[in-house]
Amino acid sequence: MQNLYEAILNVRFDRRNFYNKMKRLGMLEQMDETVNPSQKKEAFLFRFNKAKYEELKQKGFRLEF
């Protein structure tokens, strides 16, 4: 999702800031499913919350950092 926003807006976002903002806005929902990218830590998968995005869009949402 971050790559898409960066390509459309032609800007670069800090990975942590982007993740935190999307999660705080409710646009990302943590799933119960995980993947194991390394032997040390599993990573949770996230799902885009389209309903929340539509709600924010109706209120004039703009992605700004």
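The figures that follow rest on heavy atoms only: side chains count, while hydrogens, waters and symmetry mates do not. Numbers for residues simply follow the sequence, beginning at 1.
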Min side-chain heavy-atom separation [X]-[Y] under 4.5 Å:
X: Met1; Y: Leu28; answer: yes
X: Lys50; Y: Met27; answer: no
X: Glu29; Y: Lys52; answer: no
X: Phe46; Y: Met31; answer: no
X: Val11; Y: Phe13; answer: yes
X: Leu45; Y: Val35; answer: yes

To the nearest 0.5 Å, what is the distance between [atom1] ([X]) and [atom2] ([Y])?
X: Phe18; Y: Gln2; atom1: CZ; atom2: CD; value: 5.5 Å
X: Asn20; Y: Arg15; atom1: CG; atom2: CZ; value: 10.0 Å
X: Asn3; Y: Ile8; atom1: CG; atom2: CD1; value: 11.0 Å

Phe61 and Tyr53 aromatic ring geometry - parallel, tilted or perpendicular at 30°/60° bounds: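 Aromatic pair Tyr53/Phe61 classed perpendicular.
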Modelled atom types, side-chain donor and acceptor of Glu54 and Gln58, under 3.5 Å: no
